[in-house]
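Worksheet for the structure shown next.
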Number of protein chains: 2
Amino acid sequence: MNVAFIQFAPRFGEVRRNLDTAERLALEKAADADLIVLPELFSTGYLFLSRSEAFDLSEPFPGGPTGDSLARIASRLDAAVVGGMAERAGEKVYNSAALVRPDGSFEIYRKSHLFLDEKDYFDRSDGPIRAVDAAGSRIGMMICFDWYFPEVCRVLTVQGARVICHPANLVLPHAPEAMRTRSLENRVFTITANRSGADRRGGRELSFIGMSQVTAPDGTVLTRAPEEGEHVAVVEIDPRAAEDKRITAKNNLLEDRRPELYGDLL
Amino acid sequence: MNVAFIQFAPRFGEVRRNLDTAERLALEKAADADLIVLPELFSTGYLFLSRSEAFDLSEPFPGGPTGDSLARIASRLDAAVVGGMAERAGEKVYNSAALVRPDGSFEIYRKSHLFLDEKDYFDRSDGPIRAVDAAGSRIGMMICFDWYFPEVCRVLTVQGARVICHPANLVLPHAPEAMRTRSLENRVFTITANRSGADRRGGRELSFIGMSQVTAPDGTVLTRAPEEGEHVAVVEIDPRAAEDKRITAKNNLLEDRRPELYGDLL
């Protein structure tokens with residue numbers, strides 16, 4: 001199974017241009033991928049200044065330009081494609097990750113842990129956190145700051161996820177190393193697709209750290225992009241490695257958990 | 001508040017000698033500490049070859065030589081002292097961490113996740129995982145391989161632990177870096193007291209990685225020992241930094257958790 005991330009610098013509000021960039025990079029550089037991950041909010045950019053801005057740039061899924069673009073990539077490349085978007089649902093707008101399969105079927109995940117001003121611009125998700133079948137394997141989705149909460153990867157792992165797709169717009173420096181621990185403690189693959197560049201708007205500036213990466217169940221980094229620029233990596237993985245939860249001859253990650261000791265506190 | 005780890009290489013089965021080493025190092029090099037952490041099974045060594053060996057070397061707590069030794073250090077230095085021991089309780093023997101306060105009062109934690117052959121030599125703990133008051137702060141205990149399970153630090157954090165004491169006999173290379181993530185994702189201090197050296201018995205050899213360390217709530221390593229040899233570090237920390245669970249102006253680690261989304265899966 002070939003998995004890919006696409007790292008680039010979306011331009012704020014230029015949805016058509018961002019979708020074109022994503023499609024071009026996918027078709028030119030990830031043609032042999034079975035699973036492709038794009039950054040969080042890759043079609044809109046990140047630095048909204050108000051809820052109404054986020055609402056105005058949001059789209060239904062499926063049925064909007066971003067969903068259509070993901071579906072085109074999925075169909076053209078016969079791959080599952082995951083990307084972050086501002087998802088409109090009635091009067092609500094979510095920071096979501098959309099997954100589209102080659103046959104056009106789809107899944108959506110709404111970010112469980114909103115970061116900073118996202119709390120003002122996006123609605124709070126009411127879940128679920130749920131592993132899904134795609135690309136011949138079992139896939140989990142989480143978004144950016146969800147990495148801070150080990151519960152997210154754990155819940156996905158307990159549901160059988162072998163590959164965790166992680167669209168991100170990371171600004172803090174910790175996640176790439178922490179994702180190695182997420183991978184190791186769950187014995188799963190992770191694909192972090194982070195954006196690069198900066199958003200500058202309304203006298204504010206946010207810079208993103210790039211460093212998109214793929215990690216393996218033993219915590220190794222299979223590939224990591226530089227901090228800046230456009231980068232597409234395609235990595236061959238064997239998801240069966242994430243099926244095997246043995247840590248030693250006598251330790252199995254899932255069997256060794258002690259939920260009865262963790263109790264109501266988690 | 002001054003916290004310390006004591007790293008050394010216990011000799012297998014030489015309980016009196018190991019206790020003397022620990023007491024000497026504590027009195028000579030950790031005299032100004034308020035909280036001292038010794039390695040897992042520091043009084044017996046690690047590489048048991050049978051359950052009966054572990055049973056024969058185990059002691060009641062309090063009331064055995066190891067408990068007495070911890071109590072002497074605690075009383076002499078006016079410090080809380082945590083150390084790992086083979087704890088006998090009736091016909092059972094646990095891989096435990098014992099904590100003794102200067103006034104002789106005590107706590108015990110029994111390892112929740114046994115590693116490899118420990119499953120044959122030690123009894124399975126029936127808990128609890130519980131934060132306790134000591135050294136003027138709120139303290140958690142976990143032992144070695146417990147690091148692999150993010151639930152342990154999380155449960156302790158939810159109970160208010162600010163400093164997590166982590167006696168260890170680490171043989172795998174991942175824990176020192178992973179403990180930075182434990183620290184960060186819970187915004188707590190951690191003190192890993194690992195042993196150095198090797199146990200060689202019955203044609204087998206196990207080498208331990210040293211690298212005892214203290215980490216801060218922002219994930220930084222405040223001090224880390226070399227891989228080999230005896231090392232005592234005393235580090236001044238402000239446990240109030242672990243009381244503050246703010247990640248950003250709008251994100252609080254504990255308030256941002258979404259247990260209703262994690263559901264029964266944790």
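Side chains included, hydrogens not; waters and symmetry mates left out as well; all remaining heavy atoms used. Labels below follow one simple rule: chain letters A, B, ... track the order of the sequence lines, proteins then strands, and each chain is numbered from 1.
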Inset, instruction - Go through the steps to decide whether B/D126 and B/K92 satisfy the test salt bridge (Lys or Arg N to Asp or Glu O under 4.0 Å), and finish with yes or no. - result: CA-CA 12 Å; B/D126 49 10; B/K92 297 202 167 181; 5.7 Å; no
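- Side-chain N/O atoms of B/R88 and B/S58 include a donor and acceptor closer than 3.5 Å.
- Ring centers of A/F149 and B/Y262: at least 6.0 Å apart, outside the cut-off.
- Contacts between residues 179-198 of chain B and chain A, defined by a heavy-atom separation under 4.5 Å, are made by B/T181, B/R182, B/L184, B/E185, B/R187.
- Side-chain contact between A/Y148 and A/F115 is absent, with no heavy-atom pair separated by less than 4.5 Å.
- The pair B/K245-B/E255 does not count as a salt bridge, with every side-chain nitrogen at least 4.0 angstrom from each carboxylate oxygen.
- Contacts between A/P128 and chain B at a heavy-atom distance below 4.5 Å are absent for every atom of the residue.
- Put simply, of A/E260, A/E177, A/E118, A/K119, the one with the most heavy-atom pairs under 4.5 Å next to chain B is A/K119.
- The pair A/D238-A/R240 meets the salt-bridge criterion, since a charged nitrogen lies less than 4.0 angstrom from a carboxylate oxygen.
- For the side-chain contact (heavy atoms from CB on, under 4.5 Å) criterion with B/C165, the lone passing option out of B/I139, B/I143, B/L156 is B/I139.
- Interface remark: of the candidates A/N251, A/T248, A/L253, A/N251 forms the most heavy-atom pairs closer than 4.5 Å to chain B.
- For chain B, the nearby part of A/F145 is the side chain; its heavy atoms alone come within less than 4.5 Å.
- When the side-chain hydrogen bond (donor to acceptor under 3.5 Å, both in side chains) test is applied to A/D120, the partners found at least two apart in sequence or on another chain are B/K250.
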